[in-house]
Chemist: 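Quick one: the structure is below, questions incoming.
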Amino acid sequence: MESKKNTKPAKLKIRKGDLVQVIAGDSKGSQGKVVEVIIDKNRAVVEGVNMISKHTKPNAANPNGGIVKQEAAIHISNLALVEPKTGKTTRVGRKLNDAGKLVRVSKKSGEEIK
């Protein structure tokens, strides 16, 4: 008999709506907002980053079909959070706030990330 492991997905430091910068890969240096986070694959879809050409068949929404440009998922390790105040990238830590809730904190400034 095979035993099933209770593997919990890793706690990701990047969330939907965050402004991130690509630090590695073809799109290096470009910034964008996180549209979607795929937790089980450790990937995120970022607005205007890692664009691919997808060939589509004609359908009701697109009667002509053709080639459509769209964002592909990029690995979380290739993204860095952009601090809203300074506009520079920062690492993310977690701390307890005054209310006793665990919040994300910028490693550079020490300020809470909303």
Chemist: In this structure, are over 12 heavy atoms from other groups packed under 6.0 Å from N62 atom CG?
Modeler: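 Check passes, neighbour count above 12.
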
Chemist: Show, in sequence, the C-alpha distance, side-chain angles and deciding distance for N42 and H75, and conclude whether the side-chain contact (heavy atoms from CB on, under 4.5 Å) test is met.
Modeler: CA-CA 6 Å; N42 282 344; H75 201 272; 3.8 Å; yes

Chemist: Show me the pairs that pass salt bridge (Lys or Arg N to Asp or Glu O under 4.0 Å) and involve residues 37-63, at least two apart or across chains.
Modeler: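 Sorted pair list comes back empty.
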
Chemist: What heavy-atom pair brings N50 and A73 nearest, and what distance separates the two atoms?
Modeler: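 Where N50 meets A73 most closely, the heavy atoms are ND2-O, 3.0 Å.
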
Chemist: Any link between L81 and V105 through a network of hydrophobic side chains (Ile, Leu, Val, Met, Phe, Trp, Tyr) touching at under 4.5 Å?
Modeler: no

Chemist: Just checking I38: does its CD1 atom have more than 12 heavy atoms from other residues, nucleotides or ligands closer to it than 6.0 angstrom?
Modeler: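 Atom CD1 in I38 is packed in, count exceeds 12.
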
Chemist: Looking only at heavy atoms, what is the nearest atom pair of L12 and I39, with distance?
Modeler: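 In terms of heavy atoms, the two residues are closest at CD1-CA, 4.0 Å.
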
Chemist: Is it possible for you to say whether V46 and V92 belong to one hydrophobic cluster, with membership spreading through side-chain heavy-atom contacts below 4.5 Å?
Modeler: yes

Chemist: Could you state whether I74 and I14 fall into the same hydrophobic cluster, counting links through intermediate Ile, Leu, Val, Met, Phe, Trp or Tyr residues with side-chain heavy atoms under 4.5 angstrom apart?
Modeler: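 In one cluster with I74: I14, yes.
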
Chemist: Going by heavy atoms in the side chains, are V49 and E71 under 4.5 Å from each other?
Modeler: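 Contact flag for V49/E71 side chains = no.
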
Chemist: I need the full list of salt bridge (Lys or Arg N to Asp or Glu O under 4.0 Å) pairs touching residues 74-91, with sequence neighbours left out, sorted by first then second residue.
Modeler: K85-E111

Chemist: To the nearest 0.5 Å, tell me how far D18 CG sits from K33 NZ.
Modeler: 9.0 Å

Chemist: Taking the side chain as everything from C-beta on, heavy atoms only, tell me whether E112 gets closer than 4.5 Å to R104.
Modeler: no

Chemist: What closest approach, in Å, do S77 and I23 show between heavy atoms, and which atom pair accounts for it?
Modeler: O-CD1, 3.8 Å

Chemist: Would you call V82 and Q31 a side-chain contact if the rule is heavy atoms closer than 4.5 Å?
Modeler: yes

Chemist: Side chains of I67 and K69: closer than 4.5 Å at any heavy-atom pair?
Modeler: no

Chemist: What distance separates K13 NZ from I76 CD1, expressed to the nearest 0.5 Å?
Modeler: 11.0 Å

Chemist: What closest approach, in Å, do P58 and P63 show between heavy atoms, and which atom pair accounts for it?
Modeler: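 Shortest heavy-atom contact: CB-O, 3.2 Å.
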
Chemist: Should the heavy atoms of other residues, nucleotides or ligands under 6.0 Å from NZ of K108 be counted, would the total exceed 12?
Modeler: yes

Chemist: Would you indicate whether the side-chain heavy atoms of T56 and N59 approach each other to under 4.5 Å?
Modeler: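 N59 vs T56: side chains apart.
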
Chemist: Counting only N and O atoms by type, is there a donor-acceptor contact under 3.5 Å from the side chain of S109 to the main-chain atoms of S106?
Modeler: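 Here the side-chain-to-backbone pair does not exist.
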
Chemist: Consider only side-chain heavy atoms of I, L, V, M, F, W and Y, link residues closer than 4.5 Å, and tell whether L79 and I113 are in one cluster.
Modeler: yes

